[in-house]
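Numbered from 1 within each chain, the chains take letters A, B, ... in sequence-line order.
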Amino acid sequence: MAITEYEDKIKDIVENLDKEEFIFEFLSVYSKIAKSTITKLRKGTNNLSKVPGEYHLKNKLYFKQVSGDTLQAFTDLVSKISQQNVNPRYIMVTDFKNLIARDTKTQETIDIDFKKLPRNFEFFLAWNGIEKADFERENPADLKAAERFAKLYDTLLKDNERISRHGLNLFLIRLLFCLFAEDTGVFEKDIFTNTIKSMTKEDGSDLNCRIQELFEFLDTKIRPEDTPAWLRKFPYVNGQLFTEQHTNVVFSKKSRNLIIEAGELIGWDKVNPDILGSMLQAVASEDKRSHLGMHYTSVPNIMKVINPLFLDDLHEEFEKAKGNETKLNNLLERMRKMKFMDPACGSGNFLIITYKELRRLEMDIFEELGKINNSTMYVPTIDLGQFYGIEIEDFAVDVTRLSLYIADHQMNLELKRRYGDYLRETLPLHKVGDIRCGNALRLNWNEILPHEKDDEVYLFGNPPYLGASGQNQDQKKDMEFVLGKVKGYKKLDFIAAWFYLGMEYCKETKARYAFVTTNSICQGEQVNLLWTPILKFMQIIFAYQSFKWANNAKRNAGVTVVIIGISSRNEKNIEKRIYSINNYIKKVKIISPYLIETENESLIVENTKKTLNKLPLMSKGSSPTDGGYLLMSDEEGKTVLEKYDGINDILKKYVGSKEFINGYYRYTIWIADDDIKTWKNNKFISERLKKITEYRDKKKGTVKKLADKPWKYVSQGRFSETLSKKNRTGYNIIVPRVSSENRIYVPMGTVDDNTVISDSAMAIYDAPLWLLGLLESRMHMVWLENVGGKLETRYRYSAGLVYNTFPVPELSTRRKNEIEELIGNILDIREEEGGTLAELYGSPLAAKNPKPMNPRLLEAHKELDKVVDRAYKSTDFKDDNERLALLLNMYSEMVNKKG
DNA sequence: TATCCGACATGGA
DNA sequence: TCCATGTCGGATA
């Protein structure tokens with residue numbers, strides 16, 4: 001059942017109250033309580049209490065209808081129950097004005113206005129087998145609010161087809177403000193909802209007029225004498241929130257009710273402005289509705305950005321300043337001058353969290369000041385005017401401003417709670433810094449938030465990620481606008497533009513920046529393209545290594561992220577920190593753009609087409625680009641082989657990474673140009689070829705050109721060429737392009753000439769066996785792990801980055817023979833032990849359910865490692881870091897030699 | 001022509 | 001719905 005259904009049903013019961021029937025109707029809302037149980041309770045057959053007005057349903061509820069002092073009645077009932085040997089989950093009393101209920105398991109008690117029962121439906125969810133704590137974790141008030149809000153939004157859109165989006169959005173923002181204000185003490189309690197309820201007609205026809213009058217009045221500082229009484233109770237709001245002219249909105253009975261329900265059923269005081277904002281933003285943009293909230297940054301992740309960027313430092317300074325009035329005041333002065341900008345602020349959650357954290361620190365400081373000098377006056381330090389943002393969607397801009405007001409008010413309440421005598425008024429609203437609506441990649445950030453060399457300014461956020469092949473024309477133009485001068489910029493992720501602009505804003509100043517980003521900009525070919533130019537002026541001061549994106553949205557975005565903090569190179573002696581999983585912190589001197597400790601951050605491996613190491617050519621396997629019509633499963637292949645005589649001439653096994661690792665194969669049609677005459681009239685073949693022609697015709701470029709030769713692979717690597725070579729003695733080596741990072745070694749191997757290596761794997765045709773041994777070695781694994789690209793965190797093997805750049809020392813014939821023998825041994829053990837490579841290599845590095853690698857195989861690999869290690873260095877390596885350092889040094893020598 | 005990538009894709013528990 | 005682990009074709013050089 002949807003959350004809102006519980007509320008709606010209970011609301012119906014409360015509004016059409018039948019006191020005698022109430023408890024039965026209420027129980028029936030909770031579907032796990034059987035109808036028959038309720039019927040029996042009504043008849044009294046299973047009512048364990050014989051007192052009139054009392055209902056005791058075994059293990060579930062002890063209910064009493066009372067009159068007079070409910071609290072006294074409740075206390076009496078509790079003590080009465082405690083004397084019996086019974087254990088009802090809930091105890092509830094009500095006089096239908098007030099209601100008190102206790103959950104005897106959690107000992108939680110609610111004492112509420114009877115009319116607020118619908119809002120508290122989740123308190124009783126244990127009846128349905130759902131514990132309240134679990135429910136709240138999965139269905140926060142924010143989600144509930146967003147769900148109701150989406151309904152209202154859709155209804156208003158249907159009733160107002162011609163209205164401008166901006167006008168509608170503005171109305172909704174103001175509505176949200178009013179609902180929030182009446183629940184949190186900015187306005188008089190429930191005044192907005194009650195006004196609408198009592199002052200407008202049920203069909204909604206005059207609601208627009210009243211709303212317009214109200215909004216205008218909220219923006220009027222000097223209250224006219226003739227203000228009608230119903231308006232006079234509303235205060236002056238300012239903050240420009242109600243300044244713009246209200247756009248007329250058509251209301252219906254339905255939309256009016258939805259507004260009233262939003263007021264009555266949602267506890268706006270429980271709503272987090274940071275999360276709500278992201279939900280609202282998603283509601284308002286149709287295309288994003290499907291991934292509601294997918295991309296909002298969770299509070300823990302925001303903390304990972306702002307803590308190391310500036311908050312840790314402020315807290316540290318606070319600790320040092322404790323007991324010293326001057327130092328404390330200096331810290332406040334410093335905080336007052338700080339400025340913050342999120343150049344992709346969305347609905348502003350980074351700004352909100354930052355604002356709240358600073359206000360809390362401010363309170364702590366005043367508490368300390370109070371201890372030193374108890375006549376300390378509270379002077380507001382942190383102001384909304386210190387917060388800036390850029391956002392492309394105008395609704396989100398409004399949500400950001402609104403959310404900042406809400407955050408401000410929440411902190412004012414917290415201040416009052418903590419120190420009753422320190423007061424800060426929410427109204428009139430304070431002015432927020434520039435939250436600019438526009439394209440962050442086209443705007444001059446320094447014009448929005450101008451700063452001097454020594455100003456303390458921080459930029460942060462979670463800008464959009466988009467790989468090179470997913471960018472649309474506009475985004476590509478934006479990339480060119482920002483990164484046009486950067487070599488190879490077209491291969492960079494969209495977020496690279498933010499990192500580049502961050503550099504331009506912060507370089508040679510004290511300003512710093514940190515973003516949450518896809519980890520791919522710190523892997524593979526993007527490392528050189530992006531970081532070589534940025535590191536000319538900047539340095540990485542902290543980094544969170546790869547972790548999986550997660551927030552509370554129903555469906556999470558599928559991406560692995562890192563967090564990178566950056567300052568100007570001019571800032572010396574910064575202690576840099578690398579945070580890895582489990583929040584293990586390592587303090588280091590230099591952080592490389594691969595986000596690991598390094599001695600030289602310019603040791604970056606560049607994608608290279610030519611081999612730098614004289615190894616035989618590696619190429620990608622063959623790619624059919626056939627829409628799947630050249631391929632068939634093992635099973636289908638065997639059927640075909642039986643059905644058509646001689647077809648085995650043109651059927652080959654087809655093996656990619658998945659097939660190779662998991663020990664199976666598919667079949668592919670593989671027809672040489674000369675043989676096509678023989679086969680084009682075969683029914684099975686011709687049907688498939690026709691489909692391929694159709695498929696390729698819809699494409700463009702090379703693929704389309706091959707539409708009339710459908711049997712041909714679009715790219716064959718060097719396979720055909722190899723097949724035509726006579727007197728071959730080498731092996732066809734297969735290397736999976738993508739494979740699990742949970743294995744110690746990437747399984748590689750050899751296949752015969754009757755097997756097509758698919759483009760999901762790399763291939764070295766007609767190669768010596770020692771080469772396979774070299775590639776399977778620890779040395780090569782370390783290289784792959786550190787300089788190769790990744791698919792999230794999977795290993796991604798590529799020729800340009802990994803194979804061609806791999807530094808190889810002089811190998812004597814004797815050593816080659818030794819390697820050959822050891823890799824031969826490994827291949828034998830694989831055969832002897834049996835099972836798939838996935839089973840043999842296991843997943844020993846998995847965090848949750850590690851599966852061991854076959855011990856015999858592991859031993860054989862270690863022997864191979866020793867021999868290969870020895871080719872690089874005469875003594876043992878301490879660890880993989882030492883291997884990597886040696887390889888990187890060899891690499892840089894190799895590159896320098898080439899000039 | 002040959003990649004290197006994917007706010008992913010997909011199959012199995 | 002989570003968890004483990006690798007397809008396939010596009011845009012680019």
*For A:Lys725, what residues pass the side chain to side chain contact (heavy atoms under 4.5 Å, CB included) criterion, not counting sequence neighbours?*
A:Arg728, A:Asp766
*Which pairs count as side chain to side chain donor-acceptor pair (under 3.5 Å) when at least one residue sits in residues 782-802 of chain A, sequence neighbours excluded?*
A:Lys548-A:Glu792, A:Thr560-A:Glu792, A:Glu741-A:Thr793, A:Glu741-A:Arg794, A:His780-A:Tyr797, A:Trp783-A:Thr805
*Could you give the distance separating B:dG6 and B:dT10 at their C1' atoms, to the nearest angstrom?*
14 Å
_Say we look at B:dC5 and B:dA9: how far apart would their C1' atoms be, to the nearest angstrom?_
14 Å
*Go through the steps for A:Tyr629 and A:Leu689 under the test side chain to side chain contact (heavy atoms under 4.5 Å, CB included), then give the verdict.*
CA-CA 7 Å; A:Tyr629 297 109; A:Leu689 295 184; over 6 Å; no
*Name all residues meeting the side chain to side chain donor-acceptor pair (under 3.5 Å) criterion together with A:Trp549; count only those two or more places apart in sequence or in a different chain, and write none if there are none.*
none
*Between which nucleotides of DNA chain B, 5' to 3', does chain A make heavy-atom contacts below 4.0 Å?*
B:dT1 to B:dC8
_Enclosure of A:Tyr731 OH (heavy-atom neighbours >12, cutoff 6.0 Å)_ = no
*Could you pull out all residues at least two apart from A:Ser715 that satisfy side chain to side chain donor-acceptor pair (under 3.5 Å)?*
A:Ser623
*In whole angstrom, give me the gap between the C1' atoms of B:dA7 and C:dA13.*
26 Å
_Is any side-chain heavy atom of A:Val808 closer than 4.5 Å to one of A:Phe806?_
yes
*Pick base, sugar-phosphate or nothing for A:Ala846, based on heavy-atom distances below 4.0 Å to the nucleic acid.*
nothing
_Base-contact (B) and sugar-phosphate-only (S) positions in nucleotides 6-13 of chain C, heavy-atom cut-off under 4.0 Å, - elsewhere_ = BBSBSSSS
*Who are the side chain to side chain contact (heavy atoms under 4.5 Å, CB included) partners of A:Ala761, not counting sequence neighbours?*
A:Ser657, A:Ile734, A:Ile757
_Which label fits A:Tyr654 and A:Tyr713: parallel for a plane angle under 30°, tilted from 30 to 60°, or perpendicular past 60°?_
tilted
*asked:* Pick the closest DNA chain B nucleotide for A:Lys548 and for A:Ser798 by heavy atoms, then say which residue is nearer the 5' end.
replied: A:Ser798
*Would you mind classifying the nucleic acid contact of A:Asp493 as base, sugar-phosphate or nothing, using non-hydrogen atoms under 4.0 angstrom?*
nothing
*Starting at NZ of A:Lys848 and ending at P of C:dT5, how long is that distance when rounded to a whole Å?*
13 Å
_With sequence neighbours excluded, residues passing side chain to side chain contact (heavy atoms under 4.5 Å, CB included) with A:Asp493_ = A:Tyr465, A:Ile495, A:Thr518, A:Ser520, A:Ile521, A:Gln526
*Go through the structure and list residues passing salt bridge (charged side-chain N to carboxylate O under 4.0 Å, His left out) with A:Glu687, not counting sequence neighbours.*
A:Lys683
_All side chain to side chain contact (heavy atoms under 4.5 Å, CB included) counterparts of A:Lys477, not counting sequence neighbours_ = A:Arg442
*Go ahead and write out DNA chain B as dot-bracket, 5' to 3': ( ) for pairs within the strand, [ ] for ones crossing earlier pairs, | when the partner sits on another strand, dots for unpaired; Watson-Crick or G-U wobble, both distances under 3.5 Å.*
||||||.||||||
*How is A:Pro464 classified with respect to the nucleic acid when contacts are heavy atoms under 4.0 Å: base, sugar-phosphate, or nothing?*
base
*Verify the neighbour count for atom NZ of A:Lys704: are there more than 12 heavy atoms of other residues, nucleotides or ligands below 6.0 Å?*
yes
*Would you jot down, in residue-number order, the residues of residues 705-716 of chain A having a non-hydrogen atom under 4.0 Å from DNA chain B?*
none
*Between A:Lys712 and A:Asp673, is the closest basic N to carboxylate O distance under 4.0 Å?*
yes
*Separation of atom OH in A:Tyr841 from atom P in C:dT5, rounded to whole Å*: 16 Å
*Which part of the nucleic acid, if any, lies within contact of A:Thr702, taking any heavy atom under 4.0 Å across all strands shown: a base, the sugar-phosphate backbone alone, or nothing?*
base
